[in-house]
Amino acid sequence: MRNYVIFLKKEFIEAFKTYKLLVMGAAFLILGLMGPLTAKFTPEIIKWAMETDPSMAGMDLGALLSEPVAWDSWVQFYGNVGLMGFVALIIVFSGMLSSEISKGTLTIILTKGLSRTTVILAKLTSSVVIWTGSFLLAFLTSWGYTIYLFPDGKIHNLAFAMFCMWFYGVFLLAVTAFAATVTKRNYVCMIIVGALAVVLNIMNLIPYVVLYNPDTLTSGGVSLLSNDAAVSRFYPSLAITGIAIIALTSAAIISFNKKKNVKAVSIVAGFVAVGMAVTIFFGEEAPAKIKLSQHVITEKIIIGEGGEWELHGVLTLPKNASKDNKVPAVVLVHGSGVHDMDETIFGNKPFRDIAEYLSTNGIAVIRYNMRQLTHMNKMPHDAMLWDEKIEDAILATEMLKADERIDESKVYILGHSLGGLLAPRINEEGGDYAGIIMFAGSSRPLIDIVKQQNYDVIYAMDDGDEKEAMLLEMEMWDEFYGEFINLPDDVAKITEIPGWGITAYYFKDAFVTSAEEYIERIHIPFLVLQPEDDVQVLAEIDYVEFQKILAGRDNVTFKLYPGLNHLFLPSRGYDITEIMDEYKYRGKVDEQVLQDIVDWVKASK
């Protein structure tokens, strides 16, 4: 023990003399500063570039120019430390043995009776202490500046997420210590550790492996901060990483002692194998705390397989779904914009929330990437709503109804926002659903919603010349909007709507028949869900309009949710001019909303 303390002290002195402490401290101080400062000033830099670079003129970078929040700072921290920080760590400590071996100093010390085991343990301990101090310096710097720059920011599981990242750094040091005993060259040691890190990262593409992969501790940290992943999801990874650290340290000691002791090597190998087997066996319990675990089957599917517009998607089913136990199902249809299958908006994934909850509670759900996302480069300029949404929704519905585990008489459509507006039309043009769920949907023409949102933005502005100019411009637009709906089809197809990148015919196609007319022609059950604090689809207009259109029907259910925004997440009181800031806050679709959907589907006949 005395020799260990003496050699450990020598390691710290050596680290000071060789500038390891200085390099690590300076590097991680800079990394700690970079996160909050990059998050704060990136929008300003982009704005400046847009103003000075003619090639960026007219580009829609609104999401990048929105006001940053604390979340952006910590995402930057993870990106910086998770890449540059770990690279610095490997470079600095890859020579923990080779430099002294090449100089001959270690050989002299060992001939004086110092245990080789003591050397490995002392060197690993000193490197862990320096890593810990450097990481704490980066974290505290980032934390302090983040609080100062973004005082209202709320981050979930911050301490646990930071612990996971630190623990992964200890794992890399254990790998480095072992690699240093099998090679005398610094660069070979760096290649070994770097290659292993890359392999572990690639292995995360395998769904089952990700639960136990040490790389998950750093690559999955952002989902911890957004509360998208439960803390328990990381327990198997932590256990495997802890076992690996002990095993690698033992292997480094054995390797450095250069003893061809088969028994010792067998003990280490057996310890690793048994530890991993036990962890994986008991790790089956961990997914029970993850929503999809033991209750849901998740299958990758392709909408329109074999056709020109194949779309990747996911079908989630209750685990008890079978030919003899058919289950109801829901097709999810996106709102306006270009979305993936989860309808991801910043870190929020409302469609994934819906799919996981419903499938956990006995209802299958199909969701898919939008055609504009998958085939962005070949979508025709004159694409209509049929191309963008309707056809793919019908194809997804047909896939569900053809599945022998699905009760084809109980397939429903859930349309969010524009998807809700189109749901009655999709039903008539081929969906033939058992019921329609309006998820912050509207019955008004899309152009009316756009105009209303534009006016809301203008009215929220401070009085002045800019506001008056924009009001005058909107009055001119009103005249234009009123005219192009009545244009002949051939003229509408070549009449561009400035700033939209679409033709007037797009709006004509959308409202040849109004949503109200579609609704009046069908008499299937409706579930109308509306967030009260929605600033895009308004409760006082759209929700009230649905109540009028559907008045007198006994198969209609209305639900109004105070305190929720357009994504059915807790509202933070932002107005429409700050809507991107509202959606930057990570959360999950309100559980009461999800339970109401489950209850309605199960009760519908």
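A salt bridge between E299 and R405 is present, with a side-chain N of the basic residue lying under 4.0 Å from a carboxylate O of the acidic one.
A donor-acceptor pair under 3.5 Å is absent between the side-chain atoms of D590 and the main chain of L569, judged by distance alone. A distance-only check finds no donor-acceptor pair linking the side chain of H339 to the backbone of I345 [under 3.5 Å]. Proximity of a side-chain donor or acceptor of D353 to a complementary backbone N or O of V589 within less than 3.5 Å is detected. Side-chain atoms of T216 come within 3.5 Å of backbone N or O of N213 as a donor-acceptor pair. Under the 3.5 Å distance criterion, the side-chain polar atoms of N348 are matched with a main-chain donor or acceptor of Y583. Put simply, the side chain of T249 gets close to the backbone of I245: a donor and an acceptor are under 3.5 Å apart. In this structure, the side chain of T241 engages the main chain of S237 through a donor-acceptor pair within 3.5 Å. Between the side chain of T344 and the backbone N or O of D340 there is no donor-acceptor pair closer than 3.5 Å. In this structure, the side chain of N369 engages the main chain of M341 through a donor-acceptor pair within 3.5 Å. Proximity of a side-chain donor or acceptor of N201 to a complementary backbone N or O of A197 within less than 3.5 Å is not detected.
E308 is not listed as a side-chain neighbour of H375, based on a closest heavy-atom distance of 4.5 Å or more. The side-chain heavy atoms of I297 and T316, taken from C-beta on, include no pair separated by under 4.5 Å. Looking at heavy atoms from C-beta onward, K588 lies out of side-chain contact with K349 at the 4.5 angstrom threshold. The closest side-chain heavy-atom distance from L124 to L173 is below 4.5 Å. Contact check for I91 versus L89: no side-chain heavy atoms found under the 4.5 Å cut-off. Two residues are said to be in side-chain contact when any heavy atoms from C-beta on lie closer than 4.5 Å; V129 and F12 meet this criterion. Proximity of K123 to F93: side-chain heavy atoms (C-beta onward) are nowhere separated by under 4.5 Å. With contacts defined as side-chain heavy-atom distances shorter than 4.5 Å, the pair Y368/F351 does not qualify.
In this structure, CD in E343 is found 7.5 Å from CD1 in I354, a value given to the nearest 0.5 Å. Atom CZ of F178 is separated from atom CD1 of I254 by 9.5 Å, given to the nearest 0.5 angstrom. With rounding to the nearest 0.5 Å, the separation of CD1 in I240 from CG in L217 is 11.0 Å. From N186, atom CG reaches atom CD1 of I191 across 11.0 Å, with rounding to the nearest 0.5 Å. One distance of note links CD1 of I253 with CD1 of I120; it measures 7.0 Å at 0.5 Å rounding. Atom-to-atom distance recorded for S571:OG and L564:CG is 8.0 Å, nearest 0.5 angstrom.
Between S134 and M24, the shortest heavy-atom contact is OG-CB, 3.3 Å. Nearest heavy atoms, T176 versus S94: CG2-CA, 3.8 Å. In this structure, I302 and M399 approach most closely via the heavy-atom pair O-CE, 3.1 Å. Across every non-hydrogen atom of F86 and G169, the tightest pair is CE2-CA, 3.8 Å. In plain terms, the two heavy atoms of S359 and L317 that are nearest each other are OG-N, 3.9 Å. What you find for P318 and A364 is that their closest heavy atoms are CD-N, 3.9 Å.
For the ring-ring contact (aromatic ring centres under 6.0 Å, His included) criterion with F28, the lone passing option out of F139, F135, W131 is W131. When the options R367, H334, R352 are evaluated for a side-chain hydrogen bond (donor to acceptor under 3.5 Å, both in side chains) with D342, the one that passes is R367.
Within a 6.0 Å radius of NZ in K17, no more than 12 heavy atoms belonging to other residues, nucleotides or ligands are found.
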In sequence, state the C-alpha distance, the side-chain angles, and the governing distance for F163 and F167, and then conclude on ring pair (Phe, Tyr, Trp, His ring centres under 6.0 Å).
-> CA-CA 6 Å; F163 171 77; F167 202 51; 5.6 Å; yes
Run the numbers on F234 and F160 for side-chain contact (heavy atoms from CB on, under 4.5 Å), then give the verdict.
-> CA-CA 10 Å; F234 292 79; F160 184 75; 3.9 Å; yes
Taking it one step at a time, do V81 and M165 satisfy side-chain contact (heavy atoms from CB on, under 4.5 Å)?
-> CA-CA 9 Å; V81 176; M165 181 174 258; 3.7 Å; yes
Where do I301 and I303 land on the side-chain contact (heavy atoms from CB on, under 4.5 Å) test, with the steps shown first?
-> CA-CA 7 Å; I301 49 97; I303 304 295; 3.6 Å; yes
Decide yes or no on side-chain contact (heavy atoms from CB on, under 4.5 Å) for L567 and H416, but give the supporting numbers first.
-> CA-CA 9 Å; L567 304 184; H416 181 215; 3.8 Å; yes
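Judged by distance alone, the side chains of W166 and T132 do bring a donor and an acceptor atom under 3.5 Å apart.
F150 and Y145 have their aromatic ring centers separated by at least 6.0 angstrom.
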